[in-house]
Trainee: 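Shown below is the structure under consideration.
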Amino acid sequence: MTESGKPILYSYFRSSCSWRVRIALALKSIDYETIPINLIKDGGQQFSEEFQALNPMKQVPALKIDGITIGQSLAIIEYLEETRPTPRLLPQDPKKRAHVRMISDLIASGIQPLQNLSVLKQVGQENQLTWAQKAITSGFNALEQILQSTAGRYCVGDEVSMADLCLVPQVANAERFKVDLTPYPTISRINKTLLALEAFQVSHPCRQPDTPPELRA
């Protein structure tokens, strides 16, 4: 990719980590090209030598931008924040910023990896649903409690932050795994508010170039 070229996002429509980055790109009005990496097809295109050269972890997302390639969604979002600071996704106030990072990490390290495709494969078909539900409810029990003290309109106060970019895709996963969201009124309320925003709609899994026709909005 040339320095002046469009950023390239290696993404899978249903990947919640890719969705986080798509929301950031949309919020910051960054025009980019999508190269879909199908995590199911061909035994998983993320395992191809070509993709592994880009991201040795064999995971999406990966973003080619400014002449570098970055893997890991939160690292990508922090880079976008540092190079394209408007609109701000990390609050200026250090305490609020700590809350945003804490919530983002809680989801990105404490929930999502435990119910990730690669883990579910190890758990065995018959245990997948209960395993995923347990991982998500245990994380959501903590998250609901934290949000009760940090939330305003969104996860931390009234500005959309990196925490919100993590929340929405994780709630979508919870719904996919048929988790009862009744015990999580704060999570549900924030999620609903965020889904009404354009950046969260255009980046939605049902509106991606690689979304199968039957799942399109």
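These numbers come from a predicted model, not from an experiment.
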Trainee: Would you be so kind as to tabulate the donor-acceptor pairs closer than 3.5 Å made by side chains of residues 173-181, with sequence neighbours excluded?
Mentor:
from: Asn173; atom 1: ND2; to: Ser16; atom 2: OG; distance (Å): 3.3
from: Asn173; atom 1: ND2; to: Gln115; atom 2: OE1; distance (Å): 3.2
from: Asp180; atom 1: OD1; to: Thr182; atom 2: N; distance (Å): 3.0
from: Asp180; atom 1: OD1; to: Thr182; atom 2: OG1; distance (Å): 2.4
from: Asp180; atom 1: OD2; to: Thr182; atom 2: OG1; distance (Å): 3.4

Trainee: Which pairs, with at least one residue in residues 85-110 and sequence neighbours excluded, count as a salt bridge (charged side-chain N to carboxylate O under 4.0 Å, His left out)?
Mentor: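 Every salt bridge (charged side-chain N to carboxylate O under 4.0 Å, His left out) pair that includes a residue of residues 85-110, provided the two are not neighbours, is Glu78-Arg101.
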
Trainee: In chain order, what residues pass the ring-ring contact (aromatic ring centres under 6.0 Å, His included) check against Phe13, with sequence neighbours excluded?
Mentor: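 Not a single residue meets the ring-ring contact (aromatic ring centres under 6.0 Å, His included) criterion with Phe13.
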
Trainee: Measure from the side-chain N and O atoms of Ser109 to the backbone N and O of Leu106, and report whether any donor-acceptor pair falls under 3.5 Å.
Mentor: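 Here the side-chain-to-backbone pair does not exist.
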
Trainee: List the residues meeting salt bridge (charged side-chain N to carboxylate O under 4.0 Å, His left out) with Glu159, not counting sequence neighbours, and say none if there are none.
Mentor: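 Salt bridge (charged side-chain N to carboxylate O under 4.0 Å, His left out) list for Glu159, sorted by chain: empty.
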
Trainee: Using ring-ring contact (aromatic ring centres under 6.0 Å, His included) as the criterion, list what pairs up with Phe200, not counting sequence neighbours.
Mentor: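 Not a single residue meets the ring-ring contact (aromatic ring centres under 6.0 Å, His included) criterion with Phe200.
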
Trainee: Whether Asp164 and Arg153 form a salt bridge (side-chain N of Lys/Arg under 4.0 Å from carboxylate O of Asp/Glu) is what I want to check.
Mentor: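 Salt bridge: no.
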
Trainee: Quick one: list whatever passes salt bridge (charged side-chain N to carboxylate O under 4.0 Å, His left out) with Glu144, sequence neighbours left out.
Mentor: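 By the salt bridge (charged side-chain N to carboxylate O under 4.0 Å, His left out) rule, Glu144 matches no residue at all.
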
Trainee: Can you name the closest pair of heavy atoms from Leu90 and Met162 and give their distance?
Mentor: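 Smallest heavy-atom distance, with atoms named: CD2-CE, 4.0 Å.
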
Trainee: If a pair satisfies salt bridge (charged side-chain N to carboxylate O under 4.0 Å, His left out) and one of its residues is in residues 207-217, list it, with sequence neighbours excluded.
Mentor: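 Sorted pair list comes back empty.
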
Trainee: Report the residues that fulfil salt bridge (charged side-chain N to carboxylate O under 4.0 Å, His left out) with Asp42, sequence neighbours left out, ordered by chain and then residue number.
Mentor: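 Checked Asp42 against salt bridge (charged side-chain N to carboxylate O under 4.0 Å, His left out); zero matches.
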
Trainee: Which residues pass the ring-ring contact (aromatic ring centres under 6.0 Å, His included) test with His99, sequence neighbours left out?
Mentor: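 His99 satisfies ring-ring contact (aromatic ring centres under 6.0 Å, His included) with no residue once adjacent residues are dropped.
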
Trainee: Testing Leu147, Thr150, Leu143 for side-chain contact (heavy atoms from CB on, under 4.5 Å) with Thr186, which one passes?
Mentor: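 Exactly one candidate clears the test, Leu147.
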
Trainee: Distance-only check: which donor-acceptor pairs under 3.5 Å involve side-chain atoms of residues 51-63, not counting sequence neighbours?
Mentor:
from: Asn55; atom 1: OD1; to: Met57; atom 2: N; distance (Å): 3.1
from: Asn55; atom 1: ND2; to: Gln59; atom 2: O; distance (Å): 2.8

Trainee: Quick test of your reading: applying salt bridge (charged side-chain N to carboxylate O under 4.0 Å, His left out), list the pairs with at least one residue in residues 23-36, sequence neighbours left out, ordered by first then second residue.
Mentor: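 Pairs touching residues 23-36 that pass the test: Lys6-Asp31, Lys28-Glu81.
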
Trainee: With sequence neighbours excluded, give me every ring pair (Phe, Tyr, Trp, His ring centres under 6.0 Å) pair touching residues 117-169.
Mentor: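 Pairs touching residues 117-169 that pass the test: Phe140-Tyr184.
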
